[in-house]
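Reviewing the structure listed below.
All values derive from a computational prediction rather than experimental measurement.
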Amino acid sequence: GGWATLGFRPLRRLPPVTFFVGPDGRRCHLGAGSNPHRRRLPPALQAEASEAEGEGGDALVERRLARRGYFPVSDAGAERHLLVLAPPAPPAPQSAHRARYRL
């Protein structure tokens, strides 16, 4: 069922991740991940979060960031899919006799 009925095949299941919504209402991520296009927390907050993580773990990080207007949101994970298309049809054979004029 689901996406498979439309021709999609699962590629990879991604685990849940926590991100933060900043004072501007935009999503940003803590730490460096494999996606360079993701918006990160400002460097000063990154440093503060790293320090807090060493002192008291995730709960302390979340409290400190909330004081700065960054609130945690946890997603449910994701599953990436690929749409499998039929291979292109081979070209039709060309006639040995070509029309001289086209109408």
Minimum heavy-atom separation for [X] to [Y], with atom names?
X     : Y     : value
Asp75 : Pro15 : OD1-O, 4.4 Å
Gln46 : Arg40 : NE2-CB, 3.6 Å
Leu30 : Ala49 : CD1-CB, 3.5 Å

(message) Which residues end up grouped with Leu11 if you chain together Ile, Leu, Val, Met, Phe, Trp and Tyr wherever their side-chain heavy atoms are less than 4.5 Å apart?
(response) Leu82

(request) To the nearest 0.5 Å, tell me how far Arg27 CZ sits from Phe19 CZ. (result)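 The CZ atom of Arg27 sits 4.0 Å away from the CZ atom of Phe19.
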
(request) Nearest 0.5 Å please: distance from the OG1 atom of Thr18 over to the CG atom of Asp58. (result)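 That separation rounds to 7.5 Å.
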
(request) With the side chain counted from C-beta on, respond yes when Arg80 and Leu14 share a heavy-atom pair under 4.5 Å apart, and no when they do not. (result)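 Yes - at least one pair of side-chain heavy atoms lies under 4.5 Å apart.
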
Residues 63-72, side-chain donor-acceptor partners within the protein, below 3.5 Å, at least two apart:
unit_1, atom_1, unit_2, atom_2, d
Arg64, NH2, Glu55, OE1, 2.9
Arg68, NH2, Glu48, OE1, 3.0
Arg68, NH2, Glu48, OE2, 3.4

(message) Does anything in residues 81-90 form a side-chain hydrogen bond (donor to acceptor under 3.5 Å, both in side chains)? List the pairs, not counting sequence neighbours.
(response)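 Every side-chain hydrogen bond (donor to acceptor under 3.5 Å, both in side chains) pair that includes a residue of residues 81-90, provided the two are not neighbours, is Glu79-His81.
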
(request) Kindly work out whether a path of hydrophobic side-chain contacts (I/L/V/M/F/W/Y, heavy atoms less than 4.5 Å apart) joins Phe20 to Val73. (result)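 In one cluster with Phe20: Val73, no.
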
